[in-house]
Amino acid sequence: MDKNLIKEVAKIIKNSKHLTGFTGAGISVESGIPPFRGINGLWNTIDPTFIEINYFEHHYADSWKDIKKIFYDFFGQAKPNPAHIAFAELEEMGLMKAIVTQNIDNLHQDAGSKVVYEFHGTASTLLCLDCYERFSAQTFKFDPMPPKCPKCGGKIKPDFVFYGEGIPEKAYRMSMIEATESDVMLIVGTTGEVMPACMIPTIARQNNAKVIEINIEPSALTRGTTTHFLKGKAGEIMPEIMKEIKKL
Ligand code: NAD
Ligand code: ZN
């Protein structure tokens, strides 16, 4: 870990006027949730067709078998790690104004972050496709499978964006505003390959924001968008940055 770079980044964050976080699956890897792409990526072993909207609509029972196994039985157990906690602390200190996350795991909110724009929605609520009622995944009775709306018996879909669906309107609008308003953007754990999410840091950079990136390997953003690249694990680097910020 480059101590001087950590110190420089701490100073930039401390002196920022509008710091925005931008996170991807990598920030949750140390919480036990695998990423989709890259090393140990879920899509290396599982075919993601089950969360294509068209497939889901025509193979409801089949899709739900995998959805429940991956997003509820398994992801549901995860707890925030030191990187999520550092992000919440930065907000508490008045430094971080908002987080734009591609994650659907609710771990930023679990860590205490308040202003979180979920670009790809969330797994923590479920939507009835017939009566549009929403249900908390924590208390939802999935059995018998496939699940049915407890109110109207209709089809249930997790509130995250499936392949083939658009970005939730409010999250999209607010994320674009954050991208233009931030003078510093802190990116953690994203390949920067998923469109249109990957536009957020690019727009921030075009508006002259400093772009700090933490990742175990360079991403699609590192060369052209990032101004300060910290190579390593989010859960190890973020606490180091926080230590330095607190000394300033
Ligand atoms: P990704 O899966 O494409 O890439 C993950 C990135 O994290 C990679 O660049 C990898 O090098 C990096 N990484 C891995 N371990 C890390 C660590 N310990 N510290 C720092 N970086 C680390 O993720 P993505 O770019 O966010 O896009 C995939 C899409 O998949 C997102 O839209 C998201 O909705 C979804 N997704 C969400 C979750 C979640 O909610 N936790 C998990 C998997 C995928
Ligand atoms: Zn219903």
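Each ligand, and each atom within it, is numbered from 1 in the order the structure gives.
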Atom indices of ligand 1 within 4.0 angstrom of Val194 heavy atoms, with elements: 27 (O), 28 (C)
Where the Zn ion (ligand 2) is the vertex, angle from Cys152 SG to Cys128 SG to 10°: 100°
Crowding at NZ, Lys155 (>12 non-hydrogen neighbours, <6.0 Å): yes
Ion pair check, Lys247 and Glu244, cut-off under 4.0 Å: yes
Any N or O of Ala25 closer than 3.5 Å to N or O of ligand 1: yes
Heavy atoms from other residues, nucleotides or ligands near CG of Asp143 exceed 12 (cutoff 6.0 Å): yes
Heavy-atom check, side chain of Met199 versus side chain of Pro196, under 4.5 Å: yes
Sub-4.0 Å atoms of ligand 1 with respect to non-hydrogen atoms of Val29: 14 (C), 15 (N)
Proximity flag Val188 to ligand 1, non-hydrogen atoms under 4.0 Å: no
Ser28, portion touching ligand 1 at heavy-atom distance under 4.0 Å: side chain
Per atom 28 (C) of ligand 1, closest listed option by heavy atom (Met238, Arg37, Gln102): Arg37
Nearest neighbour in protein (non-hydrogen) for atom 11 (O) of ligand 1: Asn215 OD1, 2.6 Å
Option from Phe71, Trp64, Phe135 for which ring-ring contact (aromatic ring centres under 6.0 Å, His included) with Phe142 holds: Trp64
Where Tyr55 and Ser63 come nearest, the two heavy atoms and their spacing: CD2-OG, 3.4 Å
Protein heavy atom at shortest distance from atom 30 (O) of ligand 1: Phe36 CD1, 2.7 Å
Residue, atom name and distance, where the atom is the protein heavy atom closest to atom 40 (O) of ligand 1: Ile104 N, 2.8 Å
Asn81 side-chain N/O to Ala83 backbone N/O, donor-acceptor pair under 3.5 Å: yes
Residue and atom name of the nearest protein heavy atom (relative to atom 14 (C) of ligand 1), distance in Å to one decimal: Ile216 CD1, 3.6 Å
Ligand 1 atoms in contact with Glu30 (distance to a heavy atom under 4.0 Å): 17 (C), 18 (N), 19 (N)
Test item, Pro34 contacting ligand 1 (heavy atom, 4.0 angstrom): yes
Lys157 side-chain N/O to Leu127 backbone N/O, donor-acceptor pair under 3.5 Å: no
Electrostatic pair Glu8:Lys3 at N-O distance under 4.0 angstrom: no
Sub-4.0 Å atoms of ligand 1 with respect to non-hydrogen atoms of Gly24: 26 (O)
Close-contact set for ligand 1 against Ile33 heavy atoms, below 4.0 Å: 41 (N), 42 (C)
For atom 13 (N) of ligand 1, closest protein heavy-atom neighbour: Gly26 CA, 3.6 Å
For ligand 1, the portion of Asn103 having any non-hydrogen atom under 4.0 Å away: both
Check: Ser182 main-chain N/O paired with Thr20 side-chain donor or acceptor under 3.5 Å: no
Option set Glu118, His120, Glu193, Glu236, criterion heavy-atom distance to atom 32 (O) of ligand 1, minimum: His120
Option with minimal heavy-atom separation from atom 4 (O) of ligand 1, where the choices are Thr222, Asp105, Thr191: Thr191
Heavy-atom closest contact (Pro168 atom, Glu118 atom, distance): CG-O, 4.2 Å
Minimum-distance protein heavy atom relative to atom 19 (N) of ligand 1: Ala234 N, 3.0 Å
Basic-acidic side-chain contact under 4.0 Å: Lys210, Asp183: no
